[in-house]
Asks: 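Before I ask anything, let me first share the structure, which is written out below as structure tokens.
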Amino acid sequence: PAQIVIVEDPTVTISNTAQTLCQSTTIENICVIASGGTGAYQYQWWESINGGGWSVATTGTGTNTNCYTPQNSTVNITQYYCVINSEGEGCEVLSDTATVEVVPGPTFTTQPQDSSVCIDGSLTIKVEYTNGTGNPIYQWYQNSTCDSIGATQCTGIGFNTNTYTPNTSIPGTTYYYCTIDLPDGGCDIIASQCAEISVVPDPTIDIQPLSTDTICEGGTINIPLSVSHTQGTGVGNTTYQWYEGVFPNGSIATGTGATTENYTPITDNLTVGIYQYYAIIYFDGNNCDSAVSNPAQIVIVEDPTVTISNT
């Protein structure tokens with residue numbers, strides 16, 4: 001007698017049906033496990049690149065084995081499936097598809113920027129990136145130089161986000177940079193450029209106006225009142241304004257140079273008395289206080305009188 005044995009078609013399961021990873025990083029094999037059918041199994045992998053037609057898989061390795069290693073060097077989306085045949089006539093099964101998306105590695109689109117600020121000023125630095133895959137892990141670092149060697153992890157506000165608030169309570173220069181890790185896609189950790197953050201003392205005045213000058217009625221001072229701020233204090237552009245009166249209730253001064261370092265008040269129309277002046281130096285930098293000079297006093301006295309004898 002001739003006996004024909006009919007068995008069920010083989011069945012198959014497939015692993016790693018969805019992978020998204022950075023270009024050139026380690027990739028997981030796609031494997032199939034067949035059962036049923038009869039005899040040994042034969043494998044053939046097929047692929048479709050970026051939605052195109054199906055063809056025998058050639059971009060990776062292992063096209064005739066149960067485990068296929070997809071390519072990871074070219075940015076694209078590739079689908080794979082495996083055709084499994086066993087020795088029995090008509091014993092064939094197709095696996096489900098597996099999708100592998102290879103994306104470019106992350107790069108920065110926004111770098112942290114250098115900045116100068118007065119003590120206790122409000123300041124943030126930020127980074128932004130594109131590409132990569134998965135959830136980012138941010139970490140900010142600080143150092144006395146722009147170098148990863150010797151850098152320490154920041155612990156202030158936003159140290160593990162894309163926006164960090166540096167400490168501005170102590171004068172000095174500190175360098176900050178941020179790393180971004182995308183472990184889900186096996187992407188390389190990227191490090192930003194350094195931001196140089198200079199914290200400077202609030203402005204002080206190093207040259208004060210002459211404290212007292214005495215002139216006769218109708219006269220003008222010989223040397224202008226002068227003021228300047230200490231170098232290395234204050235941030236930004238400076239604006240000078242002289243005032244007549246007693247700080248803080250003075251009125252904007254008139255005269256020559258009322259908005260400069262050197263000021264000559266109008267005194268030729270003043271009567272006998274004591275007149276006070278002061279200057280304020282304003283800074284438009286971040287959180288900088290204004291610097292107020294010491295008062296300058298101009299004393300106006302009567303002109304001398306004279307008598308003559310033996311006229």
Asks: If the condition is disulfide bond (SG atoms under 2.5 Å apart), which residues does C146 pass it with, not counting sequence neighbours?
Replies: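 Checked C146 against disulfide bond (SG atoms under 2.5 Å apart); matches are C194.
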Asks: Has Q111 got a side-chain atom pairing as donor or acceptor with Q193's backbone, closer than 3.5 angstrom?
Replies: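 A pair under 3.5 Å: yes.
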Asks: Using links of under 4.5 Å between side-chain heavy atoms of ILVMFWY residues, direct or through other members, which residues join F283 in one cluster?
Replies: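 Direct or chained contacts put F283 with I205, I215, I221, L225, V227, Y240, W242, Y263, L270, Y275, Y277, I281, I298, I300.
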Asks: Using a 3.5 Å distance criterion without hydrogens, assess whether the side chain of Q208 forms a donor-acceptor pair with backbone atoms of S211.
Replies: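 Such a contact is absent between Q208 side chain and S211 backbone.
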Asks: Determine whether the aromatic ring centres of residues W45 and Y68 are separated by less than 6.0 angstrom.
Replies: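 Yes, they do, as the ring centres are separated by less than 6.0 Å.
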Asks: Any chance CG of D188 has more than 12 other-residue heavy atoms, nucleotides or ligands included, within less than 6.0 Å?
Replies: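 12 or below, so no.
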Asks: With Y164 as reference, evaluate Y141, Y176, Y177, F159 under the ring-ring contact (aromatic ring centres under 6.0 Å, His included) test and give the passing residue.
Replies: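 Of the listed residues Y141, Y176, Y177, F159, the ring-ring contact (aromatic ring centres under 6.0 Å, His included) partner of Y164 is Y176.
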Asks: More than 12 non-hydrogen atoms from neighbouring residues, nucleotides or ligands closer than 6.0 Å to CD1 on I157, yes or no?
Replies: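 Counting neighbours around CD1 of I157, 12 or fewer heavy atoms of other residues, nucleotides or ligands fall under 6.0 Å, so no.
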Asks: Using only atom types and a distance under 3.5 Å, with no angle test, would you say the side chain of T109 pairs donor to acceptor with the backbone of E128?
Replies: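 Judged by distance alone, yes, a pair lies under 3.5 Å.
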Asks: For Y175, check side-chain hydrogen bond (donor to acceptor under 3.5 Å, both in side chains) against everything at least two apart and list the hits.
Replies: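 Result, side-chain hydrogen bond (donor to acceptor under 3.5 Å, both in side chains) vs Y175: E196.
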Asks: Strictly distance-based, threshold 3.5 Å: is any side-chain N or O of N160 a donor or acceptor partner for the main-chain N or O of Q139?
Replies: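 No, because the side chain of N160 does not come within donor-acceptor range (under 3.5 Å) of the backbone of Q139.
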Asks: Give a yes-or-no answer on whether the side chains of N76 and Q71 include a donor-acceptor pair shorter than 3.5 Å.
Replies: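 On atom types as modelled, these side chains qualify, holding a pair under 3.5 Å.
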Asks: Look at the side chain of T63 and the backbone N and O of A57, then say whether any donor-acceptor pair between them is shorter than 3.5 Å.
Replies: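 Pair found, side chain donor or acceptor close to backbone of A57.
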Asks: Can we call the ring centroids of F108 and Y129 under 6.0 Å apart?
Replies: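 No, the ring centres sit 6.0 Å or more apart.
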